[in-house]
Amino acid sequence: MPLGRIAVYNDADGVGIITGEDGELRPFSGMETQTTREGQRVLFDVVGKKATNVIAIR
């Protein structure tokens with residue numbers, strides 16, 4: 001699972017962007033994550049260009 005950080009999350013749309021450690025920007029849905037806190041470090045899976053199974057790292 002790649003590491004990254006939640007760059008932005010839009011509550012109104014329920015979607016956000018993760019910046020991966022590889023520099024890639026990946027969209028994700030609020031339904032696919034434990035957290036939507038901007039700046040939160042996360043682990044995630046990649047399906048196509050989308051991040052899924054987003055897990056917060058403490």
Side-chain angles (χ1 to χ4, degrees):
M1 293 180 87
L3 285 167
R5 195 172 292 275
I6 295 177
V8 65
Y9 184 76
N10 183 325
D11 285 323
D13 295 331
V15 297
I17 301 289
I18 290 174
T19 303
E21 288 189 334
D22 59 1
E24 290 285 324
L25 299 178
R26 304 203 184 272
F28 72 97
S29 164
M31 295 179 64
E32 299 167 333
T33 181
Q34 292 179 349
T35 181
T36 57
R37 196 178 85 217
E38 292 178 2
Q40 174 69 53
R41 290 194 68 216
V42 292
L43 282 168
F44 57 95
D45 288 325
V46 178
V47 177
K49 298 227 179 244
K50 191 173 182 182
T52 188
N53 300 324
V54 181
I55 302 168
I57 299 175
R58 301 197 184 267

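From a predicted model like this one, the values you see are computed outputs, not experimental measurements. Positions are given from 1 along the sequence.
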> Among pairs that include at least one residue of residues 31-58, which meet ring pair (Phe, Tyr, Trp, His ring centres under 6.0 Å), considering only residues two or more places apart or in two chains?
Replying inline: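 Not a single pair qualifies under ring pair (Phe, Tyr, Trp, His ring centres under 6.0 Å).
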> Minimum heavy-atom separation for Arg5 to Val42, with atom names?
Replying inline: N-CG2, 4.2 Å
Show me the donor-acceptor pairs within less than 3.5 Å that the side chains of residues 46-53 make with the rest of the protein, sequence neighbours left out.
residue: Asn53; atom: ND2; partner: Asp45; partner atom: OD2; Å: 2.9

> Taking C-beta and beyond as the side chain, do Val54 and Gln34 meet within less than 4.5 Å on heavy atoms?
Replying inline: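 Side chain of Val54 against side chain of Gln34, heavy atoms only: no contact under 4.5 Å found.
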> Just wondering, do Arg37 and Ile6 contact through their side chains at under 4.5 Å, heavy atoms?
Replying inline: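 No, too far: nothing below the 4.5 Å cut-off.
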For residues 11-28, which side-chain donor-acceptor pairs fall under 3.5 Å, sequence neighbours excluded?
residue: Asp13; atom: OD2; partner: Asn10; partner atom: ND2; Å: 3.3
residue: Asp22; atom: OD1; partner: Glu24; partner atom: N; Å: 2.9

